[in-house]
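Data block below; observations after.
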Amino acid sequence: MRTALVYHEEMTAARLLWDDPECEIERPERLTAAVERLQQGGLEQRCLQLAAREASEAELGLVHSPEYVSLMRGTQALSTEELQALSGQYDAVYFHPSTFHCARLAAGAALQLVDAVLTGTAHNGLALVRPPGHHSQRAAANGFCVFNNVAIAARYAQKRHGVHRILIVDWDVHHGQGIQYIFEDDPSVLYFSWHRYEHGRFWPYLRESDADAVGLGPGRGFTVNLPWNQALTRQLGIPRGRCRPLPSASPTSRSCCKCWPAAGSVLCWSALESIQSVRAAQAPHWTSLWQQGSTPTLSLSTCSPERRPSPVSPGGPKCKAAEAQTSAVLSSLLDRLHLCATPPVRTAIALTAPAAAMVLPPDILRQEESAPREETQAWARLHEALTQDTAFTALGKVLHLLNGILDGQVSSGIATTPAAASTLEVVLRQGLSHGAQRVFCVALGQLDRPPDLANDGRTLWLNIRGKEAAALSTLHVSVPLSGTTGGFLSCILALVLPLAYGFQPDLVLVALGPAHGLQDPQAALLAALLRGPAGGRVLVLVEQESTCQLVGVLARVLHGDPPPSLGPFSVASPDDVQALVHLRGQLEAQWEMLQVAAPSGVP
């Protein structure tokens, strides 16, 4: 079992006992609704289910002061009037006789998840907890939060399991200032918060929620705040149908890709302003941000106070309306997702030669079956190279694996072949004829796009090789392979993934042909990241001469293991940056995910 789910129904016991419009949105249904949604989607039973335990007072003391823990323990014996009086000493908080128990369960759930993942019982997991925690500070409750669950879990991971470096990613409408305060001088914890700010006019109204709050002392650079200064819910859209390049005959295709706000809108400009502010504030501390030219250098100005919105508190009418709208958007998104049953085989591997020394997880299938001989012969006639014995055998295995992926029997797969170019063309055509509406093909090395491939919008072909950067058409792009870590990451993040998510393929094909030039960790990262756009349906074709080590690491990341480290970071070269800027400039008019533009008249 690879995913753990930690929950306890007793976390719903605490509730508001008096009238308080600011706090009434923090109710048990916030938790039970999430549980019910997992159950309805068939996800709960697919997880390793763990009942939350109470965190001990010693574990709470990893973050909170003894006096504060003692004060919270005492709330169990207070009357309603006393609880209300104590609640009034904090900002946006209420207490209940069950609060201490619920909060200990919430913190303990996070600790159980840490234990499960770091001992190998689970590969990853989700803790559904209440009350929340990221506003809570060493000696103060705040913003519905009593104990800082994530901060306690981080310290626990360090103390109990010897973890040296921890990344906390906090995506919430409100800034988690409690986590920031706890770790702001600690370089062993990198805190990244993405939150609504509105130039300090959105709760919790803190100057230190802005982009230039980067940490203190040895922790400088290890606090990263990305503040949004305009409400996202107004234009943060859900993809309507499938995303395609914009210049299509279909009206739907011109308006379907709204994952980011429209280029040139006020919101888009505000978001770019925030991102550029973060880059500027963090650049002195991170060599990966030193490169210039990969994104436009914008002339930024701070909005005047007259243009700023009025203060919005966590429980006020504006906040509740925004949260209701966000909830509706997310609910709509979930309704559009087709939650299918887990394929019987998560990852399969088809080899043309035995590889006894290859170490793989036991539940990866070593496929021996082949497609029917008649089917394989029909496809092999297209290329003389495929009629050779070894290539013919490999083609049969690849077709069987592809059919399993498209039929939902296999999640993803990897196959070796002595004829990568010919096999790739057959797999591409078979995928399109077997039900895939759109196929994203990433070809590395000496692999050319078939000249007679139909230009019907169903195939996006991306070559990563050589020295030339060219957009031969909207759906045929070539980009050089960088020799630096920074150049490779920039290519993946600034070009490959935006194209993939904009195209929304049913199937991703990754082909490592002759002289592909990728190091094993680079190939693994590319394959792992491309699992997202197609819902995990990725088939990797590897030239037979590649090492067993490469095949093994690719199979493991497709199976869900983390990719290995890329090694020391090296800054992208000026040529790499210029190539990406050139390509994005050629393609941004057709691909909304690449559009980064200021309003007219702004330099």
Between [Y] and [X], is there a side-chain donor-acceptor contact under 3.5 Å, judged purely by atom types and distance?
X	Y	value
Asn455	His476	no
His134	Asn149	no
Gln158	Ser188	yes
Ser570	Thr484	no
Asn403	Gln409	no
Gln39	Gln45	no

Determine whether a donor-acceptor pair (N or O, by modelled atom type, separation under 3.5 Å) exists between the side chain of [X] and the backbone of [Y].
X	Y	value
Gln112	Arg53	yes
Gln522	Phe488	no
Asp576	Ala572	no

Asp448 and Arg465: CA distance, side-chain angles, deciding distance, side chain to side chain contact (heavy atoms under 4.5 Å, CB included) verdict
CA-CA 10 Å; Asp448 294 322; Arg465 69 169 192 183; 2.7 Å; yes
Of all residues at least two apart in sequence or in a different chain, which pass the salt bridge (Lys or Arg N to Asp or Glu O under 4.0 Å) check with Asp561?
Arg2
What residues, two or more places apart in sequence or in another chain, satisfy salt bridge (Lys or Arg N to Asp or Glu O under 4.0 Å) together with Asp575?
none
Ring centres of Trp379 and Phe392 under 6.0 Å apart?
no
Identify, with sequence neighbours excluded, every residue that meets side-chain hydrogen bond (donor to acceptor under 3.5 Å, both in side chains) alongside Gln367.
none
Verdict with reasoning, Ser422 to Glu425, per side chain to side chain donor-acceptor pair (under 3.5 Å)
CA-CA 5 Å; Ser422 302; Glu425 180 177 349; over 6 Å; no
